Structure formats: C-alpha cells, structure tokens
Chemist: 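Please see the structure below; I have some questions.
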Amino acid sequence: MSDPIDMPPDPAEAPAQSGPAPHPATPSGFLENPLIWLAEATGYELDSPADEAVLADQARRWTTRIIIVATVMLAVFNSPSIQTWATTLPPDWGSQTVDALADVWTQRLSELGLDKPRAVVHQNYETAKQVQWRDILRTFRFRRDTARADDDRQD
Amino acid sequence: MLFPTMIFGLFFLVVYATAWSLNAENQRRKQFLLLASWVFYAWWDWRFVGLLIASALLNWFVAGQIGRTDEARRRRWLVVLGVAINLTILGFFKYYGFFVEQLGDLLKLVGWQRDLPLIHVILPIGISFFTFQGMSYVIDVHRGRVAPARSLLDVMLLMSFFPHLVAGPIVRASDLLPQFATAPRLNRQMAMHGLLLIAWGLFKKTVIASELASNLVDPVFFDPTAYGAVDLVGAAYGYAVQIYCDFSAYSDIAIGVAALLGYRFPRNFDQPYRASSLQEFWRRWHISLSSWLRDYLYVPLGGNRGGLARTCVNLMITFLLGGIWHGAAWTFIAWGALHGVVLSIERIWWSAIRKPNWPRLSSTLGVIITFNIVTLSWILFRSDSFATALAFLQGLGRWGEPGTLVTPFIVMLILGGLAMHALPSRAIERAASVLQRLPSPAAGVAIGLALLLVEAIRPAGVAPFIYFQF
C-alpha cells in the first residue's frame, strides 16, 4: 500500500511544472500583471522572475483574487443563503444586526433581479426531484403514441 | 463548525488572510494557525481543547525523551508508555461505557450481578484521529523515521491543525513536520487543485450524500421492516454511495483547505469502488487509516512473513481492531470481522487454492463482486444493532412490495455517485492543470459558478459528516 502525497510538488522540487503560466500579450494578461503585459506587447525584455519567492508571491496574489471574485459572486447571487443563515443565529445584538443587514442586502439584490438565476436553477432542480416513475412512463408512452400517429398519418 | 456552512466560510476567509499576511514570520504564522485550530475545535465543546493540548503535550514529551536516549531498553519502555497513554485516552472516552456495559452483561450471565460504575462519558469529536496521529508520531520517533520535533508548537499544530482535526486524513509527522519548518509557498497548480477539491467536496457532501441520507437511507435504516426489497436494495447501494460521498468529501475539503494555506496532505481516497479485490479496496479507501493499520499493527504482528495461516490471523486481528476503531459497538466489530474473513479468503484463494493454469476472474467481475461484498458489509456498519441488520437482510426477500422511496431522482444520485468511479484517474489534478492557466478573474468566475450551482441545488441545512462520530 502506498501513501502518496497527492498534492503536486512545490517549485523547489519541480521547477519545470510549477509557477504561473506565461502571460500572453492578451487583454486578459493585462489584468494579471500590467507590467509584464506591456513588456510582451511592446517586445521589451524584462528580467525573468525566476526567484521562487516571487513566483510564490504571484501565485498567492492570483489565488487571493480568485477567492475574492468567488466570494463576491456568492454574496451577490446567493443572498438568500446569507439571509437563511442569519436567521439561524442565536438571538443577540450582533446576530440581530447581521440579520437586519442580510434582509436589506437580499431585498436590494432581489429588486435588481440578481436572485433570479439561483431561483431558476433551484426551482428546476426541485421539479426534477419530484419526478416519479409513472411520469417517465407517461412521457415514454406519449412519445411512442405520437410517433405511431405520425407514422399512420404518413402511411 | 462544519465545513459546508457559512460560519466556516467566514472563519476560513479570516484564517486565509491572516495566515498569509504573517507569512514572513513562520513562527507567528504557526502560532496563529494553532490558535485558529483551537477556536475551530472549541466551536463544538471548548472543554476538550484542554484534552487536545494535554495529548499533544504528552506526545511531545515522550517523543523528546525517546530522542534524547540511546539506550534501547529505555527507548522501548518510553514508546510503550507513549502508546499506552494514547490508548488510555482513547479507551476511556470512546470505549469505557461499552466495556462496562459488556462486563455487566457478562457478570449477569454468570449470575454475579454487580452495580458497575457506569458514567456517561461525552465522546470528544475527532479523538480517534488525533490519538492515532499522536501514536504514529511517538512510534516513528522510536523507529528513527522522524526526528523529534524541535518545538512544542510544531507538535501542537501537527495534532490540532484544523483541516484534518476532526475526521482526518490521519496526517503523519513525517508528512507535516518538515512542512512546518519553513514558511509555506503556494503555486498555482496547488491552489487551483485546492479550490477544485473544495468545490467537488461540497457537491459530494451537500448534494449527493445529504439527499441520499435524508430521502432514502435514514428512513429505511430507522425501520427496515416498513419497506420492501426495492427500497432496501436502494438503501444498501444508496448508503454505499452516501458514505463514500460523505467521507471523501470531508477529506477533499480538508486537503483543499490545507493546500490554500500552503500545506500538502496525503490523498485519502482513490476511487475505491473501482477495486477488483478487497485488498485493493483497502488501498483505495481511507488510505491514511489503512496504511496506519498496516504500518503500526499488521506489519509489527508479522504481516505475511509467517506463512498463510499466520497471515490470515494477522489480517483478522488488524481488521477486528480496525472495526472497533470506528466505534464501540458489536456491529462495527462484526463489520471488521467480515472484512478480515473476506481478505483471508482472498489470500487463501491466491496462494493455496488457485492453480497456475486456472482462469483468472476478469477485472470487471472482480469489481462487481468486491463492490457487492463491500455494500453488504456497509449494512452492518450502518445498522445500530444486529436486530436492525437482520431485519434489513430478511427484508431483501420482500419483492412483492412496491418501492416508495427509490424515485428516478434517487436512482440518478446513486448512479451519479458510482459514475464518479469511472472518471479518469486524477481527474481533479488534470482539471487544475488546465484551469491554473486562466487569469484570476476568469478562474474566480469559474470557481464562483461552481459554488453557486452547488448552493442552488443543495438542500437547506446540512447533517454532520458520518466520520465525526468516530
């Protein structure tokens, strides 16, 4: 039985596989690192950021931005969950404040229609959960009968 | 504090931001992570933080003493002392009530009834994991596989680090102590792998495991006599999928959270229902426990070095103890015994009965047989008593009654849980390799969408992970 370390090796162990991918001179590369983007777009040669600490620092900033973007998306499009969570907190000054803020936040985003995508997915998923075997059979029979009727009409 | 909750999300954001802001000072970073781990543990019951500290202190002290002496006899005594301390802690909190109850029944049977000191001991969450971790540290120091930690802080953090604290993986000192020596460094592959594991783990736990538990498995196992064979068969396969999605989700999230903090944990699951033998199953299921049992129990007992009969005895002992590790109940012991018996039969078949010219079982047939044996054993594992397990097995003959709980949606969840085993090996790592090339806003949107999808379809509320009780 082996006990593999599943995470990929760190930069010191495998420099060829680690570190950020090169930044192509594309508009998205600008968001990553404007200086490198500018250098690549103009053909100017920068010193290679070979230092592992620099690479690790860039990776950390990259990860932090991902977490921020994902958190903002959840806060905006998943506000009903925040509201539900706030109502489950034990009642005290802090939790009531959180509850009131969550209510206002959810209401405002609902006015903008930003709760719709989640609601649509949720509703469709709940509908799928309610499907019974007889519904599938009914659909199957309906399709078969329709196909037969089409065949009869063509004959 | 459960992983798939808002409060853990907020807790993690604070820990992530603070830990990386302290990265220039590794000592302070570790102190902060230790404090955060205690807060995480205290969320359940602050009283047991003291137990966690005492356990780490004792293991640090014993390992330090072992490292300071060259005298073999003294080293042996010290390692025995270290193991005994850990087993005493585990035995008291986890098995005291069970053993006193069994002793009382035994005395009653021989007509010598006594009032035994039966006290209600609260089971500290994760105790099986951190005591096994402590034991492996002391034994590894004794064997010379790992040097005693230089600081108490490292041992405290090794045993208390919140991602693995309550349900593993059982991370050994040789895995984690070297990582504590210097400030960790993140790379894109590691970070993306961590984020994907967290999203994947949340999906498995909150969508598949929770739905199967509340809509199929829990009602059927509560009263198997109330259901026909269709529901019972569905519940048996449903539980096989539920326990995999539940436990592997915890491991995935733990590995992912640790990765985002810059630490590597060992893999704990490797598509276990793809195994074509029970031996292979245990190489893929709860790898950190099976390798622990192999290294610290099966091999010291003699492993497969003493002939076929001795190997079978060693397997039985290992799996009986593996069964009781899961909980103080006869059903867990029987579950372990069943695995021990089937593993012994496999060994006998391979080495004594099967002739070289006999046809081999095709690997597909092997997978089907192994999966069904494992599923059958899960019935014992899930049942709260032998009576429930027996009622469940008897009910498998009631084919006349229509299924009430096995809906198309439930079947889809079960098939979905099994289909995960057909994914290419290391699929998450491969996806991480691709996604790590994205610029951060695009990667953030991808992760955000994945989390939103899970949030939109998950049921409200979440049950604790199954392995929390162990």
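Bear in mind the structure is a predicted one, so any value in this text is a computation, not a measurement. Residue numbers begin at 1 in each chain, while the letters A, B, ... track the order of the sequences.
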Chemist: Among A:D57, A:V72, A:T64, which has the most heavy-atom pairs under 4.5 Å with chain B?
Modeler: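 Of A:D57, A:V72, A:T64, A:T64 has the most heavy-atom pairs under 4.5 Å with chain B.
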Chemist: Do you know which of B:G9, B:G403, B:A456, B:P408 has the most heavy-atom pairs under 4.5 Å to chain A?
Modeler: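 Maximum pair count with chain A is reached by B:P408.
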Chemist: As a quick check of understanding, evaluate side chain to side chain contact (heavy atoms under 4.5 Å, CB included) for B:V411 and A:W133, giving each step before the final call.
Modeler: CA-CA 11 Å; B:V411 170; A:W133 293 111; 3.6 Å; yes
Chemist: What are the two closest heavy atoms between B:L452 and A:L74, and how far apart are they?
Modeler: CD2-CD2, 3.9 Å
Chemist: Please report the C-alpha distance between A:V69 and B:V445 in whole Å, then the side-chain angles of each, then the deciding distance to 0.1 Å, and finally whether the side chain to side chain contact (heavy atoms under 4.5 Å, CB included) criterion is met.
Modeler: CA-CA 6 Å; A:V69 171; B:V445 169; 4.1 Å; yes
Chemist: What part of A:I68 gets closer than 4.5 Å to chain B, counting heavy atoms only: side chain, backbone, both or neither?
Modeler: neither
Chemist: Using atom types as modelled and distance alone, determine if a side-chain donor or acceptor of B:W20 lies under 3.5 Å from a backbone N or O of A:R61.
Modeler: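 Absent.
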Chemist: Can you say whether A:T63 sits under 4.5 Å from chain B via the side chain, the backbone, both, or neither, judging by heavy atoms?
Modeler: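 For A:T63, backbone and side chain are both near chain B.
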Chemist: What verdict does the side chain to side chain contact (heavy atoms under 4.5 Å, CB included) test give for B:L195 and A:I67, after you've listed the backbone C-alpha separation in whole Å, the side-chain angles of each residue and the deciding distance to 0.1 Å?
Modeler: CA-CA 9 Å; B:L195 288 163; A:I67 291 174; 4.3 Å; yes
Chemist: So which heavy atom on B:Y16 is nearest to which on A:R60, and how close?
Modeler: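 Distance-wise, the nearest heavy atoms are OH-O, 3.6 Å.
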Chemist: A:T88 versus chain B, heavy atoms under 4.5 Å apart: side chain, backbone, both or neither?
Modeler: neither
Chemist: Of the backbone (N, CA, C, O) and the side chain (C-beta and beyond), which part of B:L435 lies under 4.5 Å from a heavy atom of chain A, both, or neither?
Modeler: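 It is the backbone, since no side chain atom gets that close.
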Chemist: Distance check, rounded to the nearest 0.5 Å: A:W62 atom CH2 versus B:Q436 atom CD?
Modeler: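 The distance works out to 6.5 Å.
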Chemist: For the residue pair B:L449 and A:M73, what are the closest heavy atoms and their distance?
Modeler: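 Reported closest heavy-atom pair: N-CE, 3.7 Å.
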Chemist: Mark yes or no for whether A:W85, through its side chain, and B:T5, through its backbone, hold a donor-acceptor pair below 3.5 Å.
Modeler: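 Absent.
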Chemist: Given a strict heavy-atom distance threshold of 4.5 Å, which part of B:L260 is in contact with chain A: side chain, backbone, both, or neither?
Modeler: side chain
Chemist: At what distance, to the nearest 0.5 angstrom, does CG of B:L186 lie from CD of A:Q58?
Modeler: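 Between B:L186 CG and A:Q58 CD, I get 12.5 Å after rounding to 0.5 Å.
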Chemist: Among B:R284, B:R458, B:E211, which residue forms the greatest number of heavy-atom pairs with chain A at distances under 4.5 Å?
Modeler: B:E211
Chemist: If you define the side chain from C-beta out and look only at heavy atoms, does anything of A:V121 sit under 4.5 Å from B:I457?
Modeler: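 Contact flag for A:V121/B:I457 side chains = yes.
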Chemist: Near A:Q123 CD, under 6.0 Å, is it more than 12 heavy atoms from other residues, nucleotides or ligands?
Modeler: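 Open: at most 12 neighbouring heavy atoms sit under 6.0 Å from CD of A:Q123.
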Chemist: Any chance CZ of A:R143 has more than 12 other-residue heavy atoms, nucleotides or ligands included, within less than 6.0 Å?
Modeler: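 At most 12 heavy atoms, drawn from other residues, nucleotides or ligands, come within 6.0 Å of this atom.
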Chemist: Given side chains that start at C-beta, do those of B:N187 and A:L55 come closer than 4.5 Å, heavy atoms only?
Modeler: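 No; the side chains remain at least 4.5 Å from each other.
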Chemist: Quick one: pull up CE in B:M6 and CG in A:N78 and give me the separation to the nearest 0.5 Å.
Modeler: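 So the gap between those two atoms works out to 6.5 Å.
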